[in-house]
Amino acid sequence: MDYPEDPLLNTETLLEAANNGDLSAADALLTLAGDHPRDFDLYVGVLTSLTAEHAGSALARDPLQAQTVLRALAEYVHGDGARLVQFGEASDVVTWLQGVCAHAASQDDWDLLEEAAHTMCTWDGAWDQWSARARIRPWLLSLKGDAAVVMAAVLRDHAESAQHFSSVADERTADPRIRHAVRAAP
């Protein structure tokens, strides 16, 4: 009888190469994730160990794959039925997603920003991790123009996450659209 190969067998080599700038390794890691959307450890343990910059670049190269991977990651917000997410894992996922969002915004990739931000806010809304919020808040304050428009729309869709950033509503340096989105959260 043939047993399916464990997708985690090759991930260490791919992850190391991708984090050292090997674009094909980053693409292969995302393809592996896309091919195994039901592998909690691959998504929560391995994928989030890929630097956000390299992940963002790889996700940008294949928008359909990005959508598949980010939506699958959103599905793991409470675990996979057999394993629950740990607090540290939740913080790592949210922090990683913020890095992907920041990369997408820096590249004016509004589709990737929107998709990654929805996933980030799904996780943030469920987990409320202080360390991750400490990275997201100053980033929100820095957003202007189209990036602020995209992020404000996402925050309006994720009231639980928007509530975590209610203090941004009083920050005069924040883009007015983001201020309004967090102020409007119930």
Sub-3.5 Å donor-acceptor pair from the side chain of [X] to the main-chain atoms of [Y], do we have one?
X	Y	answer
Trp123	His118	no
Ser49	Gly45	yes
Tyr76	Val44	no
Ser166	Ala162	no
Gln65	Leu30	yes
Asp22	Ala18	no
His36	Leu32	yes
Arg177	Ala152	no

Give a yes-or-no answer on whether the side chains of His54 and Thr51 include a donor-acceptor pair shorter than 3.5 Å.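 Yes, because at least one side-chain N or O of His54 sits under 3.5 Å from a partner of the opposite role on Thr51.
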Is there a side-chain contact between Ile136 and Leu140 in this structure, where contact means two heavy atoms from C-beta onward sitting under 4.5 Å apart?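 Yes, their side chains come closer than 4.5 Å.
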Any side-chain heavy-atom pair from Leu70 and Leu97 closer than 4.5 angstrom?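 They are in side-chain contact.
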Euclidean distance, [Y] [atom2] relative to [X] [atom1], rounded to 0.5 Å:
X	Y	atom1	atom2	result
Leu155	Phe165	CG	CZ	7.5 Å
Met151	Ser142	CE	OG	11.0 Å
Glu114	Asp111	CD	CG	7.0 Å
Cys121	Arg156	SG	CZ	12.0 Å

Heavy-atom count check: over 12 atoms from other residues, nucleotides or ligands less than 6.0 Å from Arg61 CZ?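 More than 12 within 6.0 Å, yes.
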Show the nearest heavy-atom pair for residues [X] and [Y], with the distance to one decimal.
X	Y	answer
Tyr43	Ala33	OH-O, 2.6 Å
Thr122	Val77	O-CG2, 3.8 Å
Gly79	Val85	N-CG2, 3.4 Å

With a 4.0 Å cut-off, would you call [X] and [Y] a salt bridge?
X	Y	answer
Arg83	Glu89	yes
Arg133	Asp124	no
Arg179	Asp170	no

Before giving the answer on side-chain contact (heavy atoms from CB on, under 4.5 Å), spell out for Trp127 and Val93 the whole-Å C-alpha distance, their side-chain angles and the decisive distance to 0.1 Å. CA-CA 10 Å; Trp127 284 96; Val93 170; over 6 Å; no
